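Below is one structure; the comments refer to it alone.
Predicted model only: the values in this text are computed from it and were never measured.
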Amino acid sequence: MKVRTRFAPSPTGNVHIGNMRAAIYNWLFARHHGGQFLLRVEDTDRERSTPEAIQTLLDAMVWLKLDFDEEPLYQSTRMEAHLEAAEMLLSKGLAYKEDKGGTGQGECVIFRMPGTDSIFEDGIKGTLSKKAENMQDFVIVRSNGTPVFHLANVLDDIEQNVTHVIRGDDHVENTFRHIALYKALGADVPKYAHLPMIVNAQGKPYSKRDGDAFVGDFREKGFLGEALFNYLALLGWSPGDDREIMSMPEMVEAFSLERCQSSAAQVDLKKLTWMNGEYMLKLPDEDFEMICFGELDKAGIDAEPEYARRIFKLVRERVKTVADIVPMTGYFFADEFEYDEQAVRKKLQKDGVADTLAKVKAVFESLEIFDEASTDKALHDFVETSGLGFGAVMAPVRIAVSGVQSGPDLFPLLNVLGRERVLKRIERTTGLFLS
RNA sequence: GACCCCUUCGUCUAGUGGCCUAGGACUCCAGGUUUUCAUCCUGGCAACACGGGUUCGAGUCCCGUAGGGGUCGCCA
């Protein structure tokens, strides 16, 4: 039997990372077994299921490189089939009509639970069972004539020949219902596997309040799709050895449900950031540059390509996320850059700094050639003859030309800026803070 | 409340009865390198929720307790 898994989100515009992780596991499982990974858009909620929301969902999948087989199935197109199935269950006496609770809303269709104990083998949690007396009949068609999730979901899984349902923990109770539905419908019951939930930094379930758990947020925060994929894959699963940074083929090769954790996992942004940095470092230069240009563009910075490329090289290994790029390079492009207040106070506004900067400026002016090697030598000579410490000279110079205390190595930095900018900036800094 | 499920360093995890004085990664700390920050290198802190069994031997099996979570909709 060929493995077929699916991702069945409702397109609300915000895909939670818990759902995305489920999608990743489904994808990994299908690919590992040489099977198919399908997409089903559960768009029966007409209010929230806008074309934009569907596009957002598709974009997220492309971003994470979750390619699916076959055309996506849109649940909204299946209403007739769902209702037909309900009629069939009704005619067989497996369901009945009732004005539930006597609300006067009219009659809905209710599925009759078989009245026997239920047991199934969960791919992650092991044997799960439930006594008949703890399971109740449930609504499958509302009194307004629309099918309920349980019916639609099961019917569509049957339609798509889904063999393995890998989904969140919150569905285990539903599984007993769904299994009963499969049997009533005369279809083969798929294998189930329930993933533990992802919780926030407080160890609590993500709520609407934790506005940072949607896939789009991670993209905005500057994470790479590949890194998030890798991180999410490892959140609740491990290959069994010490590998952590893994390529998609490696993960596909190593993936198995047996190695999935059955307890909740907490997202650790620090580790994600670290992992993202590793992926940034592995990026081909051209890709890195393209991302950088994109970021500058978004920030409204008009960068001269040659100059910009030299800057990108300088910050290459320091960048942890895409969002670091503009803050780390902004001062290269704007002579009117902002100053870090603390840096100014601690390193600049001290006795002798004005004099030091004036002398350094003179040294730079007198240089025949202004490049990395010459500024390096000149400044070292200056330190020696002036009797000042390296820090007392380098720090003010750095802040004078960049506004911040940290950044690329000073001499390559000066070299890329060029003499003209360096002199102008020292002058401006002196004027602003030291006169 | 009822029914299910979960519990190894702060976090993600390895561990399927002896190889565990519990390993790795992130974070954090210290030292080294460096003009600074970052990187890098070295080292360090840090966990089997608790209590009973079973066993020659338990993080690993069983039973309780505690804590956490899920579900209990004409939402999905």
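- Taking atom CZ on A:Phe138 and atom P on B:C3, their separation rounds to 21 Å, with Å as the unit.
- Looking at which nucleotide of RNA chain B each of A:Thr127 and A:Gly407 is closest to, the 5′-most match is held by A:Thr127.
- Residues A:Ile124 and A:Cys260 have side chains in contact (heavy-atom distance under 4.5 Å, counting atoms from C-beta outward).
- Within the 4.5 Å cutoff, no side-chain heavy atoms of A:Thr44 are placed close to those of A:Thr146.
- At least one donor-acceptor pair under 3.5 Å links the side chain of A:Asn276 to the backbone N or O of A:Lys320.
- Contacts of A:Asn174 with the nucleic acid, taken as non-hydrogen atoms under 4.0 Å apart, include base atoms.
- Nucleotides of RNA chain B nearest to A:Leu235 and A:Gln405 differ in position, and the one nearer the 5' end is that of A:Leu235.
- One finds the CD1 atom of A:Ile198 at 5.0 Å from the CG atom of A:Leu232 (value rounded to the nearest 0.5 Å).
- Atom CG in A:Asp157 sits about 15 Å away from atom P in B:A76, given to the nearest Å.
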Check nucleotides 15-19 of chain B against the protein and report each pair of N or O atoms closer than 3.5 Å, with its distance, or say if there are none.
{"from": "B:G15", "atom 1": "OP1", "to": "A:Arg259", "atom 2": "NH1", "distance (Å)": "3.1"}
{"from": "B:G15", "atom 1": "OP1", "to": "A:Arg259", "atom 2": "NH2", "distance (Å)": "3.1"}
{"from": "B:G15", "atom 1": "OP2", "to": "A:Arg259", "atom 2": "NH2", "distance (Å)": "3.4"}

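- A:Asp409 is linked by a salt bridge (Lys or Arg N to Asp or Glu O under 4.0 Å) to nothing, counting only residues two or more places apart in sequence or in another chain.
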So which protein N/O to nucleotides 58-64 of chain B N/O distances come out below 3.5 Å?
none

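- Rounded to whole Å, the separation between the P atoms of B:G10 and B:C28 comes to 16 Å.
- At least one side-chain nitrogen or oxygen of A:Lys100 sits closer than 4.0 Å to the OP1 or OP2 atom of B:C74.
- Side-chain polar atoms of A:Glu42 and A:Asn153 form a donor-acceptor pair below 3.5 angstrom.
- Here the P atom of nucleotide B:C4 and the CZ atom of A:Phe120 are 13 Å apart, to the nearest Å.
- Counting only heavy atoms from C-beta on, A:Lys204 has its side chain closest to B:G68 among B:G68, B:C5, B:G70.
- Look at the C1' atom in both B:A47 and B:G64: the space between them is 23 Å, to the nearest Å.
- With sequence neighbours left out, A:Arg219 forms a salt bridge (Lys or Arg N to Asp or Glu O under 4.0 Å) with no residue at all.
- Taking the six-membered ring where tryptophan is involved, the planes of A:Phe337 and A:Tyr339 are tilted, since the angle between them lies from 30° to 60°.
- The backbone N or O of A:Leu38 sits nowhere less than 3.5 Å from a side-chain atom of A:Arg4 that would complete a donor-acceptor pair.
- Take A:Ala53 and apply the side-chain contact (heavy atoms from CB on, under 4.5 Å) test, not counting sequence neighbours, and it matches A:Pro11, A:Thr50.
- At a non-hydrogen distance threshold of 4.0 Å, A:Asp169, A:Asp170, A:His171 from residues 163-171 of chain A come into contact with RNA chain B.
- Comparing B:G52 with B:A58, their C1' atoms are spaced 13 Å from each other, to the whole Å.
- A search for salt bridge (Lys or Arg N to Asp or Glu O under 4.0 Å) contacts involving A:Arg167 returns nothing, not counting sequence neighbours.
- A:Arg177 has its CZ atom 7 Å from the P atom of B:C72, to the nearest Å.
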Could you go through the salt bridge (charged side-chain N to carboxylate O under 4.0 Å, His left out) check for A:Asp169 and A:Lys125 one step at a time? CA-CA 10 Å; A:Asp169 222 340; A:Lys125 293 178 175 295; 3.3 Å; yes
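- In this structure, A:Met113 atom CE and B:C3 atom P are separated by 17 Å, rounded to whole Å.
- Distance, A:Ile124 CD1 to B:G70 C1': 15 Å, rounded to whole Å.
- If you check every strand for non-hydrogen atoms under 4.0 Å, A:Ala265 touches sugar and phosphate atoms only.
- A heavy-atom distance below 4.5 Å is not found between the side chains of A:Tyr96 and A:Phe111.
- Taking atom CZ of A:Phe176 as the reference point, atom P of B:C3 lies 14 Å away to the nearest angstrom.
- You'll find that the side chain of A:Ser143 is closest to B:C74, out of B:C3, B:A14, B:C74.
- With hydrogens and angles ignored, the 3.5 Å screen pairs no side-chain donor or acceptor of A:His82 with any backbone N or O of A:Pro147.
- In this pair, A:Phe37 and A:Phe7 present their aromatic rings parallel. The plane angle is below 30°, not in the 30 to 60° band.
- Taking the side chain of A:Glu42 as heavy atoms from C-beta on, and the options B:U36, B:A76, B:C4, the nearest nucleotide is B:A76.
- Under the 3.5 Å distance criterion, with hydrogens and angles disregarded, no donor-acceptor pair is assigned to the side chains of A:Asn19 and A:His16.
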Please produce a list of atom pairs where a protein N or O lies less than 3.5 Å from an N or O of nucleotides 23-30 of chain B.
{"from": "B:A25", "atom 1": "O4'", "to": "A:Glu244", "atom 2": "OE1", "distance (Å)": "3.2"}
{"from": "B:A25", "atom 1": "O2'", "to": "A:Glu244", "atom 2": "OE1", "distance (Å)": "2.3"}
{"from": "B:A25", "atom 1": "O2'", "to": "A:Lys271", "atom 2": "NZ", "distance (Å)": "3.4"}
{"from": "B:A25", "atom 1": "N3", "to": "A:Lys271", "atom 2": "NZ", "distance (Å)": "3.0"}
{"from": "B:C26", "atom 1": "O2'", "to": "A:Lys271", "atom 2": "N", "distance (Å)": "3.3"}

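- Classification of the A:Phe411-A:His380 ring pair by plane angle, with boundaries at 30° and 60°, yields tilted.
- Using a 4.0 Å heavy-atom criterion, one finds that A:Phe390 contacts the sugar-phosphate atoms exclusively.
- Looking at heavy-atom distances under 4.0 Å, A:Leu128 makes contact with sugar-phosphate atoms alone, never a base.
- Between the P atoms of B:C72 and B:A14, the separation comes to 30 Å (whole Å).
- The partner of B:G67, taking Watson-Crick or G-U wobble pairs whose two distances both stay under 3.5 Å, is B:C6.
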Just the atom pairs and distances: protein N or O near nucleotides 42-49 of chain B's N or O, under 3.5 Å.
none

Decide yes or no on ring pair (Phe, Tyr, Trp, His ring centres under 6.0 Å) for A:Tyr25 and A:His164, but give the supporting numbers first. CA-CA 11 Å; A:Tyr25 284 35; A:His164 297 258; over 10 Å; no
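- Among residues two or more places apart in sequence or in another chain, the salt bridge (Lys or Arg N to Asp or Glu O under 4.0 Å) test is passed with A:Lys361 by A:Glu365, A:Glu427.
- Between A:Val397 and A:Leu414 there is a side-chain heavy-atom pair separated by less than 4.5 Å.
- Comparing B:A38 with B:G70, their P atoms sit 39 Å apart, to the nearest whole Å.
- For A:Ser129, the side-chain contact (heavy atoms from CB on, under 4.5 Å) partners are A:Ile119, not counting sequence neighbours.
- Annotation: B:U7 and B:G24 have their P atoms spaced 23 Å apart (nearest Å).
- Straight-line distance from the CE atom of A:Met197 to the P atom of B:G69: 13 Å, rounded to whole Å.
- Using atom C1' as the reference point in both B:A2 and B:C19, the two lie 46 Å apart (nearest Å).
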Tabulated below should be each protein N or O lying under 3.5 Å from an N or O of nucleotides 20-22 of chain B; please produce it.
none

